[in-house]
Amino acid sequence: MTSSVHSMGQARGIPPPLGWAGGAWGLIGVSLALLHRPSEWQACVGVLMLFQAFCGVLTWHRFRLTRDAVLPDFLTVMLFNLFITKTVTALGLFVRANAEAFGEVGQLLLKRESVPLEYQFQAELVFLLAAVVFTGVWRALEGRRLRALWHQPPSKIVWAVYGLTGVGYLGFVFAGFGASAAMTENLLRMFAIGGLAVLLGGRGPYAMGRWKSWLAMAGLVPFLVLALRSGMKGEVALVMLPILLPIFRRMTVVGFAFLGSFMLFVLLFVFPFSEAWRQANWGSWHGYENAGIPAVASRVFDRWANDGPVETATQSLASWATRSSSAEAGGLVMQLADRDGLIGPVLIEGLATVFVPRVLWPDKPMYTPGAWFTWYLGQASSPETATTSTGMMLPTELYWMFGPLGVVLGMPFLALLYFVVWERLRRLSRTGLVPMLALFALLARSADMEEVHTIYAVSAPVILLVYVIVFDWLQKLWMPGLSVRRVPRARP
């Protein structure tokens, strides 16, 4: 069995045109932030523009350097997601400030009770500080070589592992083992999707754009169906990530057309479907119908027939936009920190016991910081009775617990933790396919790094590494034929 090896990407300087464009955009943002009061929407947009410049320049530069990699590195995907998040947040602020010109979308944003703009401004400053600190520590640790995945295993082995983990995951889903097996179930899903990400992101016959790539994309269909059943757009995005990553890193005319088609599919169908699913099946939305995918999809088609696809998409987009502002989510926490003061390590008190498997401790408490926050806001009588989970955003959560030092010290710790875990998985992937697929699981974590709660930001990579070491040992013991031949170190 052989594996192809690509030279590791050397960290070259940022191309001048990209640097100039990012610098000009960031300078405009700084000007807006300085020329307007924090209580004005332009100041917050200015910070977001500076954020876009920082993330955008680094993302596209690192995508260019990892063009030939099988998978990009953790930091690149994290910055890419931050770029998208800040773009959406900036557009939301702009539309809200000019509601009359944007019709129904603007009016729906106006109707929602908004966090005062000065707190949104403060939150985005905290987010920017957190991103800069995390990025600085990661880049110092990686040196001149981007820590992407460069070697690709034989396709037959990847397909075999995809089959084993995919069947195992579906077995867990339909067996209904519940919370006791939730971590194993989720890892099997990540390994299966990660296998397809390796095939689509590599340079073999199943790579994105090659004639066999449709087979790898077809392998995502069962996971896409289950993602739709969850009613969560983030789950759909996770399933599509193996397709989107190679498109962004190797943008072509065909890839651009596919990306446009995917965005159209998301706007016209996924957004209305997700909203209809929540209304039908989520208790927090007073939905107890237990409707299936065909029933919910038919309601979307009925809305298309009655209101038209564009109007249906516009209404769902407006509903989503009211819940997807990082500035508002973080601003609410900053407002509470100003009102109530710092709360100390309340949200990480159960950190030590998180690592105990639920199989060994069936009555282990559930750690739900989002439910606790819902209760704190007065929207539930207790954390246990909360039917919704309210996000606090990782940087502002650290700030609320420990103040500015929580961000200045917490983000370097997290950067070091994730870098160590990422590097350990990369080294294990030289001889083990399970650690290679686990890299995709960590990439999925990077995509929502800003939104995760602190207790899970710390515990998740450690638990992942432990599970991977166990799975890797079992695979080499029981199925040594699926192991990958040791790959020599690539020379600079």
Side-chain angles (χ1 to χ4, degrees), residues 70-71 152-153 155-176 184-202 204-248 254-255 257-278 280-281 290-301 304 309 433 436-441 443-444 447:
V70 177
L71 291 175
Q152 183 173 357
S155 300
K156 290 182 178 179
I157 294 181
V158 179
W159 277 115
V161 174
Y162 164 78
L164 289 171
T165 55
V167 169
Y169 166 66
L170 294 176
F172 272 83
V173 169
F174 292 109
T184 303
E185 178 183 311
N186 186 56
L187 280 179
L188 289 173
R189 179 184 67 141
M190 287 295 186
F191 292 163
I193 298 176
L196 298 175
V198 168
L199 291 172
L200 289 167
Y206 301 96
M208 195 66 195
R210 302 286 179 88
W211 71 277
K212 284 187 177 182
S213 61
W214 71 270
L215 290 171
M217 288 188 283
L220 291 169
V221 171
F223 301 95
L224 180 60
V225 172
L226 291 173
L228 289 172
R229 281 183 57 188
S230 72
M232 299 176 66
K233 292 177 284 294
E235 293 295 307
V236 176
L238 171 64
V239 174
M240 298 303 294
L241 193 60
I243 298 175
L244 298 177
L245 283 178
I247 287 179
F248 279 110
V254 175
F258 182 93
L259 184 62
S261 301
F262 171 72
M263 293 177 65
L264 195 62
F265 167 71
V266 170
L267 289 173
L268 293 180
F269 181 76
V270 174
F271 277 14
F273 181 91
S274 176
E275 184 179 12
W277 184 278
R278 292 169 184 241
N281 298 321
N290 197 26
I293 291 177
V296 176
S298 68
R299 297 180 188 183
V300 176
F301 299 147
W304 285 1
L433 195 57
M436 181 181 296
L437 305 185
L439 289 171
F440 177 79
L443 284 182

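Note that these values count all heavy atoms, side chains included, but never hydrogens, waters or copies made by symmetry.
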**Message:** Measuring only between side-chain heavy atoms, which start at C-beta, is Phe258 closer than 4.5 Å to Ile243?
**Reply:**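 Side chain of Phe258 against side chain of Ile243, heavy atoms only: contact under 4.5 Å found.
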**side-chain contact (heavy atoms from CB on, under 4.5 Å) between Arg189 and Leu238, worked out** = CA-CA 11 Å; Arg189 179 184 67 141; Leu238 171 64; 3.6 Å; yes
Could you report the tightest heavy-atom contact between [X] and [Y], atom names first, then the distance?
X      : Y      : result
Pro242 : Leu220 : CG-CD2, 4.3 Å
Ala276 : Val300 : CB-CG2, 4.4 Å
Gly219 : Pro222 : O-CD, 3.4 Å
Arg210 : Pro205 : CB-O, 3.2 Å
Val266 : Pro272 : O-CD, 4.4 Å
Gly202 : Gln152 : CA-OE1, 3.2 Å

Quick check for you: to the nearest 0.5 Å, what is the distance between [X] atom [atom1] and [Y] atom [atom2]?
X      : Y      : atom1 : atom2 : answer
Leu199 : Leu215 : CG    : CG    : 10.0 Å
Leu268 : Phe273 : CG    : CZ    : 15.0 Å
Leu264 : Leu259 : CG    : CG    : 11.5 Å
Phe248 : Leu241 : CZ    : CG    : 10.0 Å
Leu443 : Met190 : CG    : CE    : 10.0 Å
Leu200 : Trp214 : CG    : CH2   : 13.0 Å

**Asked** Between Tyr169 and Phe223, what is the ring plane arrangement, given parallel below 30°, perpendicular above 60°, and tilted in between?
**Response** parallel
**Request:** Quick one: sort the Phe265 and Phe269 rings into parallel, tilted or perpendicular, breaks at 30° and 60°.
**Result:** parallel
**Request:** Identify the residue among Leu437, Leu433, Val161 that makes a side chain to side chain contact (heavy atoms under 4.5 Å, CB included) with Val198.
**Result:**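 Only one of Leu437, Leu433, Val161 forms a side chain to side chain contact (heavy atoms under 4.5 Å, CB included) with Val198, namely Leu437.
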**Request:** Please list, chain by chain and in numerical order, all residues satisfying ring-ring contact (aromatic ring centres under 6.0 Å, His included) with Trp304, sequence neighbours excluded.
**Result:** Phe301
**Item:** Side-chain donor/acceptor of Ser274 to backbone N/O of Phe271, under 3.5 Å
**Value:** no
**Prompt:** Would you find a donor on one side and an acceptor on the other, under 3.5 Å apart, between the side chain of Trp277 and the backbone of Arg229?
**Reply:**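 Pair found, side chain donor or acceptor close to backbone of Arg229.
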**Asked** Given Leu196 and Trp159, is the side-chain contact (heavy atoms from CB on, under 4.5 Å) satisfied, shown in steps?
**Response** CA-CA 8 Å; Leu196 298 175; Trp159 277 115; 3.9 Å; yes
